[in-house]
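Letters go in sequence order (proteins before strands), and every chain restarts at 1.
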Amino acid sequence: MTKERRNLLLNIASIISVYIILWFFQKYGTEYQIRILNNMAVFITLAVSYNLVNGICGQLHLGPNAFITIGAYTAALLTMSPAEKQMSFIIKPLIWPFSVIQAPFPVSLIAAGIAATIFAFLISFPVFRVRGDYLAIVTLGFGEVIRVLCNALQSVTNGPLGLKGLKPYTTIWWSWSIAIFTVIVIQKLINSSWGRAMKAIRENEIAAQAMGINPFKHLMMAFLISAFFSGVAGGLLAHLITTISPTLFTFFLTFNLLIIIVVGGLGSTTGAVIGAMLFAWGGEALRVVESPMDIGPVHIPGIPGMRMVLFSVILMLVIIFARRGITGRNEFSWDWLFSKLSGK
Amino acid sequence: MTTKIFLQQLTNGISLGSLYGLVAIGYTMVYGILRLINFAHGDLLMVASYTAIYGIAMFTLPWYISFPLAIIVTGFVGIMLDKAAYKPLRDAPRISLLISAIGASFLLENLALVVIGGVPKAFPRPEIFAKVVSIHGVRIQVLTIYTPIITILLLFGLLFIVYRTKAGKAMRAASMDFETTRLMGIDLDRIIAFTFLLGSTMAGAGGIMWALKYPQVNPFMGVIPGLKAFIAAVLGGIGNIVGAVIGGFLLGLAEILLVAFMPEAAQYRDAFAFVILILVLLFRPTGIMGEPIVDKT
């Protein structure tokens, strides 16, 4: 058996075992555990696609929340029935094409991805004219603009009221299948010549250009693919929470993704996956610090917001003292595992 | 629109613009030396406002002691920010420095949220700032007149420090070349700390005037003014102190006049500044007063 064949079989086996674990939780797990599993999968999708721009291309993009918003609204508008939409839009009626069409959940997810990609394409021209801090602030600004538009364009987004009563279509099967699909696609991309070109741009843009790589083309490619998956994940998120409003998708969401990929290891898909799982689980586990505590006779009232303080401190400690994060830029591979196991 | 209302809006725009300008100075100074957007700079507005509130409410200080004290405290918070978040990363890649800045910003905001709470606090407004004067029938709050005057005075003070003192000379040297500056026997860390001190005191003054103008103080009050001030700094030409103030004035005026002429556009106000940013970066990345930025390695 060749190495490639072995690795392929092991990959298939591990995907099947993921599904077996999911089936187990579906059958015996509590609703709370399923919720965390769903969150994990959505965060994996988001973090792995976000990492493509931030980690692989090395451009600090701070606007994934914009694409998540676009995806969430597109998907939600498509799955709601025309009657529901008429009920929800009480300030201003929904404008024409959206008011009559309805699509099944999978179609709405693809549409969410495409909508996010179109916006990404439009914004990529000013974004990739600049680099570094400017790129960060332009993408951050794009997120703000989308938030303002969500509040203002009431005939499309229902303004600050948001969209309520979405059907909870997002099951662990959907969310994990999409997460696995994202990881496979992005891994394939990273290991292709496109991915190597992106890494070359990250290391030294001028040298990459001298090798005949067109930075704009490659960065835009990464940006669009990242936006597509962010949009799909936004659609998943909308049908997981079932209520969306502009306040849900602030810069705060981007900040969480940034923590995930920095702690996991910037530039590593494995790191992004580990970071996302830790975050989804740790975010829940850390609720302890916000709940009231009784240590002996001393009663400490709950401190809301304490988790965010901890997250910020963790982010800063990791970036200052352990810049490589958990995995650095290394990826998990079967070859690596076997060489460790055989002690070579 | 009558001339009266126009004049009123004009003074409002100048007053708002001068606040943007004051905050933009801090961005532009830090950017000039470290080539870093100090994301936490906007949050210094919040630090200054809360310190001033506590000075008045808890220690019953009169405002003329509490306000300067708050500005000084903000200056030192700025130095601490540099020491904690940026100094350990001097030789790190730019992206790490930016992430650290974002982390510091969130830390300040959420620390305030945990310690003080999310309920907005009323900012005590001393009588002399709340007065309303009427000039030829145009009714203006005195604060609106004081703000640009204070800004201009602070700007001149700052320009004196930067262009007429030894520390200022060292600062200008550091913004050109770290290595050569070090070779001249200048303690770079002290100069950077001094830059943060100056920039943060400007933000402190801006924060207090911001709170006087909009007397609702909450942990996230500095985010949007901070972003807009940064845009003002880019508009004026990043790295240029006078440019920052001019950019601030222009941005403030543009925002207020946009809302004045097109009231239905008021809800797009926060997006407007970013559209300006994108336009500036597309057509004149160096801003109004800026020279091309030299890449420092």
Quiz prompt | Atom group of Leu282(B) that falls short of 4.5 Å from chain A, counting heavy atoms | solution = both
Self-check item: Under 4.5 Å from any heavy atom of chain B - which part of Leu266(A)
Solution: side chain
Exercise. Please state whether the side chain, the backbone, both or neither of Val223(B) comes within less than 4.5 Å of a heavy atom of chain A.
Key: neither
Practice problem: Could you look at Leu62(A) and say if it's the side chain, the backbone, both or neither that has a heavy atom under 4.5 Å from chain B? | Solution: side chain
Exercise. For chain B, find which of Leu258(A), Ile314(A), Ile146(A), Leu310(A) contributes the most heavy-atom pairs closer than 4.5 angstrom.
Key: Leu258(A)
Quiz item: Can you say whether Val309(A) sits under 4.5 Å from chain B via the side chain, the backbone, both, or neither, judging by heavy atoms?
Solution: both
Exercise. Go through the atoms of Ile123(A) and report whether side chain, backbone, both or neither lie under 4.5 Å from a heavy atom of chain B.
Key: side chain
Quiz item: Quick one: what part of Leu227(B) sits under 4.5 Å from any heavy atom of chain A, side chain, backbone, both or neither?
Solution: side chain
Quiz item: How about Phe121(A): does its CZ atom have over 12 heavy atoms from other parts shown lying under 6.0 Å from it?
Solution: no
Quiz item: When you measure from the side chain of Ser268(A) to the backbone N and O of Arg329(A), does any donor-acceptor pair fall under 3.5 Å?
Solution: no
Quiz item: Taking the side chain from Ser226(A) and the backbone from Ser49(A), do they hold a donor-acceptor pair closer than 3.5 Å?
Solution: yes
Self-check item: Part of Met306(A) within contact of chain B (heavy atom distance under 4.5 Å)
Solution: both
Exercise. Below 4.5 Å from any heavy atom of chain A, which atoms of Ile231(B) appear? Answer side chain, backbone, both or neither.
Key: neither
Self-check item: CZ (Phe76(B)) with more than 12 external heavy atoms under 6.0 Å
Solution: no
Practice problem: Heavy-atom distances under 4.5 Å only: say whether Leu315(A) touches chain B with side chain, backbone, both or neither. | Solution: side chain
Quiz item: Can you find a pair of side-chain heavy atoms, one from Val318(A) and one from Arg323(A), that are under 4.5 Å apart?
Solution: no
Quiz item: Ala84(B), Ala92(B), Ala273(B): which one forms the most heavy-atom pairs within less than 4.5 Å of chain A?
Solution: Ala92(B)
Practice problem: Using the ring-ring contact (aromatic ring centres under 6.0 Å, His included) rule, take Phe128(A) and Phe223(A) through it: C-alpha gap first, then chi angles, then the decisive distance, then the call. | Solution: CA-CA 10 Å; Phe128(A) 291 117; Phe223(A) 195 59; 5.2 Å; yes
Exercise. Check each atom of Phe252(A) against the heavy atoms of chain B and say whether the ones under 4.5 Å are side chain, backbone, both or neither.
Key: both
Quiz item: Out of Gly103(B), Pro93(B), Pro88(B), Gly117(B), which one racks up the most heavy-atom pairs below 4.5 Å with chain A?
Solution: Gly103(B)
Quiz item: Which word best sums up how the rings of Tyr31(B) and Phe230(B) line up, parallel for under 30°, tilted for 30 to 60°, or perpendicular for over 60°?
Solution: tilted
Practice problem: Go through the atoms of Ile319(A) and report whether side chain, backbone, both or neither lie under 4.5 Å from a heavy atom of chain B. | Solution: both
Quiz item: Of all of Asp270(B), Leu113(B), Ile278(B), Ile102(B), which one pairs up most often with chain A through heavy atoms under 4.5 Å apart?
Solution: Ile102(B)
Exercise. Check whether any side-chain heavy atom of Met221(B) sits under 4.5 Å from a side-chain heavy atom of Asn218(B), and report yes or no.
Key: yes
Quiz prompt | Top of Leu108(B), Val114(B), Leu36(B), Leu111(B) for chain A proximity - count of heavy-atom pairs under 4.5 angstrom | solution = Val114(B)
Exercise. Counting only heavy atoms closer than 4.5 Å, note whether Phe272(B) contacts chain A via side chain, backbone, both or neither.
Key: neither
Quiz item: Centroid-to-centroid, Tyr50(A) to Phe43(A), below 6.0 Å?
Solution: no
Quiz item: So which of Leu60(A), Ile259(A), Asp133(A), Val148(A) has the biggest tally of heavy-atom pairs under 4.5 Å with chain B?
Solution: Asp133(A)
Quiz prompt | Which atoms of Leu277(B) approach chain A - backbone, side chain, both or neither, heavy atom under 4.5 Å | solution = side chain
Quiz item: Between the side chain of Arg307(A) and the main-chain N/O of Gly283(A), is any donor-acceptor distance below 3.5 Å?
Solution: yes
Quiz prompt | Aromatic plane relationship, Phe255(A) with Phe106(B) - under 30° parallel, 30 to 60° tilted, over 60° perpendicular | solution = parallel
Self-check item: Top of Val130(A), Val262(A), Ile137(A), Leu149(A) for chain B proximity - count of heavy-atom pairs under 4.5 angstrom
Solution: Ile137(A)
Quiz item: So, the side chain of Thr28(B) versus the backbone of Ile241(B): is there a donor-acceptor pair under 3.5 Å, distance only?
Solution: no
Quiz item: Side chain, backbone, both or neither: which part of Leu107(B) has a heavy atom under 4.5 Å from chain A?
Solution: both
Self-check item: Heavy-atom check, side chain of Gln59(A) versus side chain of Ile95(B), under 4.5 Å
Solution: no
